[in-house]
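Written out below as structure tokens is the structure these notes cover.
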Amino acid sequence: MASSPSVVLSSPPPTSKDGSRFIDSNYLQKQSHVPANFKWPEEDAASAQEELNAPVVDLEGFFNGDVVATENAAKLIRSSCLRHGFFQVTNHRVDADLIQLAYDHVDDFFNLPIEEKIKVQRRPGSPYGYSGAHMDRFSSNLPWKETFSFAFQDGPDKIVADYFKFTIRKDFEQTGLVYQKYSEAMHSLSLSIMELLAIGLGVDRMLYREFFEDAVSIMRTNLYPTCQEPNLSLGTGPHCDPNALTILHQDLVGGLDVFVDNKWHKVRPVLGALVINIGDVFAALSNGIYRSCLHRAAVNSHKERRSLVFFMCPRADKVVKPAEELVRKSEGGIRKFPDFTWSDLLEFTQNHYRVNETTLENFTDWFLSADRSNFKPTHFKTSH
């Protein structure tokens, strides 16, 4: 269970009317030294020295129905997913003007007074809402960032637009409409990527597209303020995403690192590209054939960083299980993970465990445990 917050800071953070303390980017960037609770172990925060040579997959041929180009794209993606679960895509048909518009609206929310932001603070057990450094959940290794997350499901109801209009306030209606369109574009692209993942695994091309058509996904905006001692802290600590597929657009500031061959590698922003990484749900769907990507976000002292993240998640009650042909292809021909639902995994990560590189293994033990209330992790991270 996550420990209750107890944050030690170099000067008092803002206090709400009920006495609770909250931290946002405005406060963090004023700190001349990293507070103790924001410091990360040296092996986690050590700077990446090399760039990752990951494929940039051109999707133009796939969208045009070119069979050879589609096979080549699937092969590139397969090679990356077997090794580290990370790649980038270009010619993805997400309008560049829409991406820019989404960035234009990032600060509309983050520039609000802290008293306004905490009105939509994440509730216990929920992945949706505002979070300032995850102080509501953790007391150490706090991330140097603030985030705002909201749900998306494709369909006639404009749930993103309505959320901004009615949950935040009416003058955020236009912001909501922008993120509604952006989320729709991400959902559509995710389904296309699912086809390529299926082709690479040798299963029915439409298997994962159909599985995720009714996905209830998470859209998130991130703001990473400047940090005067960036070698001591992290914007996001080392972890694998628990969802199925993540699509990230990072600005040109950079800061994303991926762990490959026992060391951290920088991911250089590619103009016009979208970053894709495999999460734990898809690792389970592939019976461990494809790897969930271990990554983190570094911070810097000279320029704040923003990013847009779309986490594709299955509908809460969908059963996650691999195709039988993938089990047969796996080492020993055995199942690596039990049948579970996204609701089960979300319960584990929101209420019992802080996501890291061994989330899926520890979730499996917890899920199969006869006494979940006394569960203790037995899988631990490897040395970074």
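Hydrogens, waters and symmetry mates are skipped; everything else that's a heavy atom, side chains included, is used.
- Centroid-to-centroid, the aromatic rings of W144 and Y224 stay 6.0 Å apart or farther.
- Residue L142 holds its CG atom at 11.5 Å from CG of L234, rounded to the nearest 0.5 Å.
- Judged by the 6.0 Å distance and 45° axis criteria, R296 is positioned over the aromatic ring of W264.
- Because its NZ or CZ atom is not both nearer than 6.0 Å to the ring centre of F172 and within 45° of the ring axis, K165 does not count as a cation-pi partner of that residue.
- Listed by first then second residue, pairs satisfying salt bridge (Lys or Arg N to Asp or Glu O under 4.0 Å) with a partner in residues 197-207 read E195-R205, not counting sequence neighbours.
- Here R83 pairs with D261 in a salt bridge; the nearest charged N to carboxylate O distance falls below 4.0 Å.
- Residues passing the side-chain hydrogen bond (donor to acceptor under 3.5 Å, both in side chains) test with H295, sequence neighbours excluded: H239, D241.
- Between the side chains of T236 and K145, at least one donor N or O lies within less than 3.5 Å of an accepting N or O.
- In this model, a donor atom of one side chain and an acceptor atom of the other lie less than 3.5 Å apart for E347 and H352.
- Note: W366 and F348 have tilted aromatic rings, judged against thresholds of 30 and 60 degrees for the angle between ring planes.
- Note: F150 and Y179 meet the aromatic proximity criterion, with ring centroids under 6.0 Å apart.
- The CG atom of N362 sits 8.5 Å away from the OG1 atom of T364 when rounded to the nearest 0.5 Å.
- Side-chain contact annotation: S140 with N37, donor-acceptor N/O pair under 3.5 Å absent.
- The cationic atom of R220 (NZ for Lys, CZ for Arg) does not lie both less than 6.0 Å from the six-membered ring centre of F310 and within 45° of the ring axis.
- Ring pair F337/F367: centre-to-centre distance not below 6.0 Å.
- At a cut-off of 3.5 Å, with distance as the only test, no side-chain donor of S343 or D317 sits close to an acceptor on the other residue.
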